[in-house]
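To start, the structure itself, in C-alpha cells.
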Number of protein chains: 2
Amino acid sequence: MSVGSGHIPNETIDRLFSYLRPLMCVLNRGSVTVSSRELAEICTVNPSVVRKDFSYIGSLGTRGVGYNVRELIESIRRALKFDNDIRIAVVGVGNIGRALLEHPRFGFEGFKIVAAFDSSPEKVGQTVGQVTVEDAADLEKRLQSEAVQLVIVAVPEICAPDVARRVGDAGVNSVLSFTPCGLAMPDNVNVTSVDLSLEMARLVYHSCSQEGLRIGDGAA
Amino acid sequence: MSVGSGHIPNETIDRLFSYLRPLMCVLNRGSVTVSSRELAEICTVNPSVVRKDFSYIGSLGTRGVGYNVRELIESIRRALKFDNDIRIAVVGVGNIGRALLEHPRFGFEGFKIVAAFDSSPEKVGQTVGQVTVEDAADLEKRLQSEAVQLVIVAVPEICAPDVARRVGDAGVNSVLSFTPCGLAMPDNVNVTSVDLSLEMARLVYHSCSQEGLRIGDGAA
DNA sequence: TAGTGATTGTGTTCACATTCACAAGCTACA
DNA sequence: TGTAGCTTGTGAATGTGAACACAATCACTA
C-alpha cells in the first residue's frame, strides 16, 4: 500500500497544490532539501500531515535528511497531472483583466495566457502583457482554435451570465469568475468564483476569535 | 443542546459565510422564504448539511415552509459577529487596488473602504471610488486614526514585505494579500493570500478528473 | 565501526463531519 | 375538522481525515 496505489484523499489533493508555490520559493532560495517540519511551518500545517500527504504520492524523502526540493516539485506536478502549461484566455480587459494580463509570474507557474477579449472597440487591438486584445464577437471560435482549457471571466457583473454561457458552448469546462453570484452553468463546467468579500469576512472573524493554533509534532 | 449553546464546527462556520451572498441574491429576487433544498442546490451541498448548519445557530425555520430569508441573514450575521461594517484600507492603487476601490458592492455586504494609500506622487490626491488616495508615508498613523480592521495589500511583490510589516506594527491583525509568497507576519496577524494560480490549477485538475458529484437528500 | 542526532514513513487511535432516516410540525384545502 | 403534502430538526450511524508515537533509516563524527 504505497506509491500512488489506492486513492488520494481530497484534502491531500488540495494541499499538494498549496505546497507547490512555497516549494518554488525554497528552491529559489537555493535549498536542495526541505524537511517536513520546515514546509509545515511555511504552510501552517502539522508536519505529520505533510509527510502523510507525500506518502500518498510515493516515498520521496530520505530519513534523517528531508525531501529533495526539485524532485518533490516534479512528483507533485506529476501526481496532479500538471505537467504541461495550462492554456488560458481572459475575457474582459478592465482593471482586473489588465492586472492578470500584466502579471509576469503565470509563465513560471505552468500557465500560459493565449488570448484576451473585450467588446469595447477602443480596447480591441491593444497589446497588454503578451497578447493582443481581440473582439469578443469571435469568442467561441477563438477559444476552440487556441485550445483554451480555462477562461477567466473578468467582465462587469451584468455581462457575466452571457459570457459564461458562450464559454460553456465553446466546450471550455473550467471557468474562473470574478462575478460572485452563481453563474448557471451546465454540469460539465467547473466554476470557481473569486469572492473577496467572503475571504475578508472569514479573515476578520478568525482574527476576532483568535483561537490559539497549535502546530507541533511530538516535541513541540 | 440547541440555540447557540455548545460549539459550532469549523466547517459550519465556513459554510455560514458562504450562505450569505446566495441569500442576498434570493432576497433581491423577492423571495420571502427559502427551503434547505433550494439553498443547498445553489451552494452545491447536501440539504441536510444546510439544516444542520442552521440548527447550530438556533431553530430558524418553519416546518413545511422553509426559512425566512431576512431573518436567516440576520441570524447568520449575528452568529458570525458580522453586525457592524468592517473598516478596510487598500494599500497600492494599481490595477487591482483600483478595481477594489471602484467595486460598488462592498457597501452592501458589510464592508466600508475608509482609506487608500500609494507611494506614487501622481496617485496621491486622486479620488478613486469613495476615497482619496493618501501618501503611504502616513500609513501607520492613518490606519490607527481610522480604526482600520483589515488591510488589503495590493502592492508590487517587492514592496509587500515592508508594507506588511508596517501594517502589523500599526496593530491591524487581518491582512488580505495579493502577494502569494508567504509574508512573514507576527502570530497575532492573520494573513489570507489570494492565489489565483492555485485556484486555477485546482480547477483544471477537477475538470480533468470529472468525478460525478452526488448531492441528493433521501429521495434523489 | 560504532554511536549520535535527525528525519521520514506509517499503523493505530481518536475526533470530527457528513449522511441517513424519521418524527414533529406547518400550510392548504376540501 | 381532517387529511395530504412539505419541510424542518435531530439522534444515530457511517465515513473520513488528523494527530500521535515510534520503528526504520540516513548522515556524520570520532
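First the proteins, then the strands, lettered A, B, ... as listed; each starts at 1. Quick caveat: nothing in here was measured; it's all calculated off a predicted structure.
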What is the separation between atom OH on B/Tyr56 and atom P on C/dC16, rounded to the nearest whole Å? 11 Å
From CG (A/Leu16) to CZ (B/Arg202), nearest 0.5 Å: 10.0 Å
Compare the minimum distances between each of D/dT8, D/dT10, C/dA17 and the side chain of B/Ser55, then state the nucleotide with the smallest one. D/dT10
Rounded to the nearest Å, what distance is computed from the CZ atom of residue B/Arg63 to the C1' atom of nucleotide C/dA28? 19 Å
By nearest-heavy-atom nucleotide on DNA chain D, the more 5' of A/Val65 and A/Val49 is A/Val49
Can A/Asp169 and A/Arg166 be said to form a salt bridge (charged side-chain N to carboxylate O under 4.0 Å, His left out), step by step? CA-CA 5 Å; A/Asp169 289 348; A/Arg166 294 175 62 192; over 6 Å; no
A/Phe54 side chain reached by A/Ile76 side chain, heavy atoms, under 4.5 Å: yes
In whole angstrom, give the distance that lies between atom CZ of B/Arg51 and atom C1' of C/dG25. 14 Å
For B/Ile13 and C/dA17, give me the distance from atom CD1 to atom C1', rounded to whole Å. 14 Å
Return the value, rounded to whole Å, for the distance between atom CD of A/Glu41 and atom C1' of C/dT7. 15 Å
Between C1' of C/dG9 and CG of A/Leu39, the distance in whole Å: 16 Å
Within the side chain of A/Arg87, is there an N or O that forms a donor-acceptor pair under 3.5 Å with the backbone of A/Glu146? yes
Can you check whether B/Asn173's main-chain N or O pairs, donor with acceptor, with A/Ser207's side chain at less than 3.5 Å? yes
B/Phe54 atom CZ is separated from C/dT18 atom C1', nearest whole Å, by 16 Å
Candidate nucleotides D/dT7, D/dG17, D/dA19, ranked by approach to the side chain of A/Lys52 - the nearest: D/dA19
Between C/dT19, C/dT7, D/dC20, which nucleotide has the shortest distance from any of its atoms to the side chain of A/Arg37? C/dT7
Tell me, please, which residues at least two apart from B/Glu102 pass salt bridge (Lys or Arg N to Asp or Glu O under 4.0 Å). none
Would you say CD of B/Glu157 has more than 12 non-hydrogen atoms from neighbouring residues, nucleotides or ligands within 6.0 angstrom? yes
Counting only side-chain N and O atoms of A/Ser36, is one of them less than 4.0 Å from OP1 or OP2 of C/dT8? yes
Taking OP1 and OP2 of D/dA18, is either one under 4.0 Å from a side-chain nitrogen or oxygen of A/Arg15? yes
Please list, in numerical order, the residues of residues 66-79 of chain B that have a heavy atom closer than 4.0 Å to any atom of DNA chain D. B/Gly66, B/Tyr67
Among C/dT18, D/dT8, C/dC20, which is the nearest nucleotide to the side chain of B/Ser48? C/dC20
Is there a side-chain polar atom (N or O) of A/Thr62 under 4.0 Å from OP1 or OP2 of C/dT8? no
Grab the CG-P distance between A/Asn46 and D/dA21 for me, whole Å please. 11 Å
